[in-house]
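A quick write-up on the structure given underneath.
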Amino acid sequence: MSETQDQQKFVYDFTEGNKDLKDLLGGKGANLAEMTNLGLPVPPGFTITTDACRVYLESGEEPAALRDEVTAHLEALEATMGKKLGQADDPLLVSVRSGAKFSMPGMMDTVLNIGLSDESVAGLAAQAGDERFAWDSYRRLIQMFGKTVLGVDGDLFEDALEETKRAKGVTVDVDLDAADLKGLVTRFKEIVAKETGREFPQAPREQMDLAIKAVFDSWNGERAKLYRRQERIPGDLGTAVNVCSMVFGNLGPDSGTGVAFTRDPASGHQGVYGDYLQNAQGEDVVAGIRNTVPLAELERIDKASYDQLMQIMETLETHYKDLCDIEFTIERGKLWMLQTRVGKRTAGAAFRIATQLVDQGLIDEAEALQRVTGAQLAQLMFPRFDEKAATETIGRGIAASPGAAVGKAVFDSYTAVKWSRSGEKVILIRRETNPDDLDGMIAAEGILTSRGGKTSHAAVVARGMGKTCVCGAEELEVDTKRRRMTTADGTVVEEGDVVSIDGSSGKVYLGEVPVVPSPVVEYFEGRMHAGADDADELVKAVHRIMAYADRVRRLRVRANADNAEDAARARRFGAQGIGLCRTEHMFLGERRELVERLILADTEDERGQALEALLPLQKGDFVELFESMDGLPVTVRLLDPPLHEFLPDITELSVRVALAEARQEAHENELRLLQAVHRLHEQNPMLGLRGVRLGLVIPGLFTMQVRAIAEAAAERKAANGDPRAEIMIPLVGTVQELEIVREEAEQVIAEVERAHGVSLGLTLGTMIELPRAALTAGQIAESADFFSFGTNDLTQTVWGFSRDDVEASFFTAYLEKGIFGVSPFETIDRDGVGALVRSAAEAGRATRPDLKLGVCGEHGGDPDSVHFFHEVGLDYVSCSPFRIPVARLEAGRAAAESAGSDSR
């Protein structure tokens, strides 16, 4: 044992922690401690820390001191409860539950009723005065322990349970009597012995120790790893383990268990939201295997417990200043709190709740901004179903997670993944989901279940992922074995039939329902005024938070736009200029032939004619663009792509020449073209003759583009416009390249200024998209007015990846193996690419303090990347028009977060 481990404390009583110790005690343990501190009715217990889990995962063995610490805390718990774990006459029973820092609903293991055995089950029956309850608890222990701790196939227990119910002629567990359950315990123990080669453990402490180890192991279970990848939760955090004295909701009609929310997690509206199930244990609610009643029904069933719960919910929401998700149990009229956490919510609920809490004085605007994310805003911009469309409604369930999802019906996760990988959009339909369905839920457009409510596994996980979900559509009979669903009127939906589900209304439709734009998009487009009386409540909430984000953000947000239409849309979405106009997109269609003529020109005359023909076309493009972005900066990137994009395909051209020769047809022009294509052919064109290299090799190309930009700016000036053009030279790797192009460009600009009698104020800068450019940024800054980081190419060249190839070939395997938490093309690689951006920014500003810095790769619209760009001091990010609101929001969040850190 190391000295560090020897001095480390691995176990904390619930009375010792608080909500700020989530890193150490996990979310569940920290919040159990917090509720204990608040004097709420929490069953006594203790938490084994994430430190202990990490030691176990790294070494394969529990810390040497852990067993003694657990023993000491167990003895203290026994003293508090006045009974010993698993004692024969009056047993103390405990639950062993996971609890990571970040909520991972259903992804790790839980075992209830630990301490029951052949000997103590009779004592529990005598203590409770209820033999049925004791045997029900025992069969639950064996079932959960067998599956989660001993690795027995859970279907074997479920099949045995279903056989027992069929033999009895009943459909629900509560209709089984003590004798039935006693027989089921015998069956379950036989299954354990057959599948594991050992008897079900009868020693209570052995049960507890094995369960603790199983919870540690479940951190690296496949479903937990998959969920962490999906939610971007670090894999090295580990989980805490909570050992809590059992309270029982399955003691009869005056007992029960439930889940409650202090506000509706789907809409954000205030009210009484949750599910309650009489005569049940907690797993029955979240598993969705029995249909619950709405929480409001508890007032009729047990008013005293209901009133106490409402008071506790108000206490918790005021204390946490946020929506709280609560698990509780009522044991013969006594209310117990088993868990609270800041609840997962839909994107719309997040915005509504944040503004509601501001209005109630619980949080300020800065905190409200931190309560929402760019990813949530992006969800709100998705289309929704057209209410005016003709539809065939086949069912209705609980609106668990909003959105409009359309796809082919599939009835198991394997098929969902398989069809999705083939390009099909699917809706995963199940009676209820469980953690093993996670990969199918990720693959599906939406999830539909016939059982469960807003607190079922499907609902909670779907909300966390931002997936559309409808739960508890009871009139739909789901037959997973026959791969079909039957509606109340007898309509049969077979696997492969298209269905549409509305996570906002809970409606299920047969066939594809057309979609219309989101009201949030209409707001950003200027078609809905947030101040209007009839404005959507959600739009008003989005407007308030966006207005605050715009006030506090330092980063400006520009658009990647190549034409006037995109520029106008970007401006409506709040763009503060264009950060990337790709001129190569202006040479498509009919103009392609002119570029081809330019590249293949043998003489200066031919080249001059091609340039002369291109100049007015380029100028016209820029006039429209500058008009759309009048008064705002427009960064124009000179021609960048590799030559092959403008030349005929070498294989097709070779075939045409060969056929012409075979037919003895005239083919001189095509033969000449083929010879030129062969001469210019490159093995790796992305690293060949492109960007600044093209401008230096083909005389007049870049100067033609610069002249077009300058003349367009002069024309706009003459029309009383305010063009603010910035000329960007791509793929620079050395300052000498930039110096040559800059000198030529300045001569052209000066000529245009003299000819028109104006000062254009054009600036010249470069893209930093090669590692050498980043490493020599201090030198390059001597000839640059601005840098724009081209993080797409920089990522390719730093990693040695060809994006188009690697994403399709091995990225999936890298993500599955945890080599990537997320694709480096989606979120910037801070340690590699990000380090070059940071050092280049510092070196550039050291040379030229007024150097303007921006980013124009796709990372400019990625939420996590925007925070990084704020941190390293860039001036702006640029992204596609539809990502501009997300970038604006995240830029505000980054500024607010930074200000909060500084104030602390």
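When reading the values below, keep in mind they use all heavy atoms of this one structure, side chains included, and skip hydrogens, waters and symmetry mates.
- Of the possible polar contacts, one joining the T487 side chain to the T491 backbone as a donor-acceptor pair under 3.5 Å is found.
- The side-chain contact (heavy atoms from CB on, under 4.5 Å) search around A443 returns V417, S420, not counting sequence neighbours.
- Other residues, nucleotides and ligands contribute more than 12 heavy atoms inside 6.0 Å of the CZ atom of R551.
- For the residue pair D359 and Q356, no side-chain donor N or O sits within less than 3.5 Å of a side-chain acceptor on the partner.
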Next on the checklist: Apply side-chain hydrogen bond (donor to acceptor under 3.5 Å, both in side chains) to residues S505 and R396 and explain how you reach the verdict.
Outcome noted: CA-CA 8 Å; S505 68; R396 184 165 189 163; 5.2 Å; no

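- Residues D630 and F626 have side chains not in contact (no heavy-atom distance under 4.5 Å, counting atoms from C-beta outward).
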Checklist entry - Can you list the steps and then say if Q270 with Q360 is a side-chain hydrogen bond (donor to acceptor under 3.5 Å, both in side chains)? => result CA-CA 12 Å; Q270 292 180 275; Q360 291 171 13; 3.3 Å; yes

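- Using a 3.5 Å distance cut-off with no hydrogens or angles, the side chains of S880 and N560 do not pair a donor with an acceptor.
- Classification of the F801-F820 ring pair by plane angle, with boundaries at 30° and 60°, yields perpendicular.
- Under the ring-ring contact (aromatic ring centres under 6.0 Å, His included) criterion, F573 pairs with F882, not counting sequence neighbours.
- With hydrogens and angles left out, the side-chain atoms of R483 and T415 include a donor and acceptor closer than 3.5 Å.
- Counting heavy-atom neighbours within 6.0 Å of Q370 CD, excluding the residue itself, gives a total above 12.
- Other residues, nucleotides and ligands contribute only 12 or fewer heavy atoms inside 6.0 Å of the CD atom of E565.
- Using modelled atom types, one finds a donor on one side chain and an acceptor on the other under 3.5 Å when comparing E317 with T262.
- At a cut-off of 3.5 Å, with distance as the only test, a side-chain donor of R558 or T635 sits close to an acceptor on the other residue.
- In the model, Q576 has no side-chain atom that pairs as donor or acceptor with a side-chain atom of R571 under 3.5 Å.
- Of the possible donor and acceptor atoms, one in the side chain of R352 sits under 3.5 Å from a partner among the backbone N and O of S267.
- Taken to the nearest 0.5 Å, the CD1 atom of I501 stands 6.5 Å off from the SG atom of C469.
- Both tests do not hold together for R556 against Y876: distance to the six-membered ring centre under 6.0 Å, angle to the ring axis within 45°.
- Although no hydrogens or angles enter the test, the distance criterion places a donor-acceptor pair under 3.5 Å between the side chain of K467 and the main chain of I442.
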